[in-house]
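Just the heavy atoms: all of them, side chains too, but no hydrogens, waters or symmetry mates, feed the values below.
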Amino acid sequence: MTLVAPRRAKPARHLADLSMAERRTAVAELGEKAFRADQLSRHYFERLTHDPATMTDLPAAARERLATELLPTLLTSVREITCDDGMTRKTLWRLFDGAMVESVLMRYPERVTMCVSSQAGCGMNCPFCATGQAGLTRNMSTAEIVEQVVAGARALAAGEVPGGPGRVSNIVFMGMGEPMANYKAVMGAVRRMTDPAPHGLGISARNITVSTVGLVPAITKLSAEGLPLTLALSLHAPDDELRDTLVPINTRWKVAEVLEAAWEYARVTKRRVSIEYALIKDVNDQEWRADLLGRLIKNRLVHVNLIPLNPTPGSKWTASRPQDERAFVRRLEEHGVPVTVRDTRGREIDGACGQLAAATPAE
């Protein structure tokens, strides 16, 4: 496991890294009136543009300089793959230092969800996850995280995704990386996403899900943020013996500690905790484990999200048999625990849960 990201060169400062007050200061330091920061923010967050030629309300002499200093290119698209008749779209991005990350846009009839990465790679080393097996390259900056969403919003606004123009309504931090191991940048990104325009994108905090494998101190810190985010806890096993293997962070914070932190989050925020549980054939899908899970979480503000294990190259594990999946659901329901089986969008383009590996075309 790697909890502290390797030290690397940082990406250029970007508008989305800064609060509105910080943007005004930055603009003033460039010799422009502070209100230009509001105009620049409106172009980026509302009009979804970073092309200075379109910013005709800014003085011509200032446009290029402001864009260069505060709207640098952070992500370069390397490849896009689609499925579901174009409604699911995975993008491979190259960062300024050559690191690779992926994001996934999923359009449904009633919403558009962006699955974003928060780290290049992941240091949690979960053996059934392609990202975890790749190791951790570095943390992403606040703006690098936000830019994934803005890029998706641009594609929707331009009608590039079937279904006509639309907007991003939901965000899930379930791409590459452990969000709680990059806490400061992730919370900065959440603020940019939820701040009303032109300060940010104006997405409801209730429509943002932050996942974690169980970094207890960070969950406790999140409880105090005052944001009604959804906490998704990647549990994957109800017993310490198995979870130590499937989710190595469990060797530091055990199941009981992680669940207690989750219950405190639910108590403070009044938000239902989502328990993520990848069903793995003959590993964690036994009915007695469903019973144990049911006993641990019944009568709590909770929902279980069962995920049929998505295939990853070289993995010895696979999804549960349909009958075992049904039995697991039945046992949880007998304990009065609400449970659903996740729709595994993007599996055929390696864009589903646990499949993101940021492989370049040459690989």
Side-chain angles (χ1 to χ4, degrees), residues 1-18 44 48-52 64 67-82 89-105 114-126 129-155 160 171-189 192-193 211 312-314 346 349-363:
M1 286 185 304
T2 306
L3 286 172
V4 179
R7 295 182 69 86
R8 300 272 294 248
K10 293 182 178 180
R13 179 184 65 169
H14 189 283
L15 183 86
D17 287 312
L18 309 174
Y44 182 74
L48 304 172
T49 183
H50 53 87
D51 180 2
E64 197 67 45
T68 299
E69 292 292 333
L70 291 173
L71 294 175
T73 298
L74 297 179
L75 310 181
T76 302
S77 177
V78 175
R79 179 183 59 201
E80 287 184 351
I81 311 175
T82 64
R89 170 172 164 157
K90 182 177 78 165
T91 305
L92 173 66
W93 302 102
R94 179 180 289 111
L95 308 184
F96 83 100
D97 56 357
M100 298 287 191
V101 299
E102 291 179 323
S103 63
V104 184
L105 182 152
M114 282 290 308
C115 177
V116 299
S117 295
S118 55
Q119 295 178 310
C122 182
M124 296 299 102
N125 200 30
C126 299
C129 174
T131 313
Q133 291 304 291
L136 177 61
T137 300
R138 70 167 172 89
N139 284 334
M140 295 177 69
S141 69
T142 286
E144 285 175 326
I145 298 169
V146 172
E147 181 70 356
Q148 296 169 80
V149 181
V150 172
R154 286 190 190 117
E160 295 173 12
I171 309 291
V172 292
F173 282 83
M174 294 181 177
M176 301 178 71
E178 162 54 49
M180 294 292 92
N182 188 17
Y183 189 90
K184 184 179 179 181
V186 165
M187 290 314 302
R192 297 300 99 75
M193 293 170 188
S211 69
T312 57
I349 57 171
D350 291 337
C353 182
Q355 291 186 313
L356 300 187
T360 60
E363 295 173 332

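The shortest non-hydrogen separation linking Phe173 to Ser211 is O-OG, 2.6 Å. For the residue pair Leu74 and Ala143, the shortest heavy atom distance occurs at CD1-CB, 3.4 Å. Annotation for Thr142 and Ala185: closest pair OG1-O, 2.9 Å, computed over non-hydrogen atoms. Shortest non-hydrogen contact noted between Ser118 and Val186 is CB-CG2, 3.7 Å. Nearest heavy-atom pair, Thr131 versus Gly121, reported as atom, atom and distance to 0.1 Å: CG2-C, 3.9 Å. The two residues Met176 and Val101 have their closest heavy-atom pair at SD-CA, 3.6 Å.
Ser117 places no side-chain N or O within donor-acceptor distance of the main-chain N or O of Gly175, the cut-off being under 3.5 Å. The closest donor-acceptor contact from the side chain of Ser103 to the backbone of Val116 lies at 3.5 Å or more, if one exists at all. Counting only distance, with no hydrogens or angles, the side chain of Asp17 and the backbone of Ser141 share no donor-acceptor pair below 3.5 Å.
The structure places NE2 of His14 at 8.0 Å from OG1 of Thr73, a figure rounded to the nearest 0.5 Å. Separating the CD atom in Glu80 from the CG atom in Leu92 is a distance of 10.0 Å, to the nearest 0.5 Å. Considering NZ of Lys10 and CZ of Phe96, their distance stands at 10.5 Å, rounded to 0.5 Å. Taking CD of Glu102 as the reference point, atom CD1 of Ile81 lies at 7.5 Å (rounded to 0.5 Å). Taken to the nearest 0.5 Å, the OG1 atom of Thr82 stands 8.5 Å off from the CZ atom of Arg89.
With contacts defined as side-chain heavy-atom distances shorter than 4.5 Å, the pair His50/Leu15 does not qualify. The shortest side-chain heavy-atom distance between Arg13 and Leu18 falls under the 4.5 Å cut-off. In this structure, Leu136 and Pro6 have side chains that are in contact, with non-hydrogen atoms separated by less than 4.5 Å.
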Determine, stepwise, if the pair Tyr44 / Val146 fulfils side chain to side chain contact (heavy atoms under 4.5 Å, CB included).
CA-CA 11 Å; Tyr44 182 74; Val146 172; 4.3 Å; yes

Determine, step by step, whether Thr91 and Gln148 satisfy the side chain to side chain contact (heavy atoms under 4.5 Å, CB included) criterion, reporting the C-alpha distance in whole Å, the side-chain angles of both residues, the deciding distance to 0.1 Å, and the verdict.
CA-CA 9 Å; Thr91 305; Gln148 296 169 80; over 6 Å; no

Could you walk me through whether Ile145 and Met193 pass side chain to side chain contact (heavy atoms under 4.5 Å, CB included), step by step?
CA-CA 10 Å; Ile145 298 169; Met193 293 170 188; 4.0 Å; yes

So Met100 and Thr137, side chain to side chain contact (heavy atoms under 4.5 Å, CB included) or not? Walk me through it.
CA-CA 9 Å; Met100 298 287 191; Thr137 300; over 6 Å; no

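Listed by chain and number, the residues in a salt bridge (charged side-chain N to carboxylate O under 4.0 Å, His left out) with Glu64 amount to none (sequence neighbours excluded).
A salt bridge (charged side-chain N to carboxylate O under 4.0 Å, His left out) check over residues 141-150, counting only residues at least two apart or in different chains, returns the pairs Arg138-Glu144, Glu147-Arg154.
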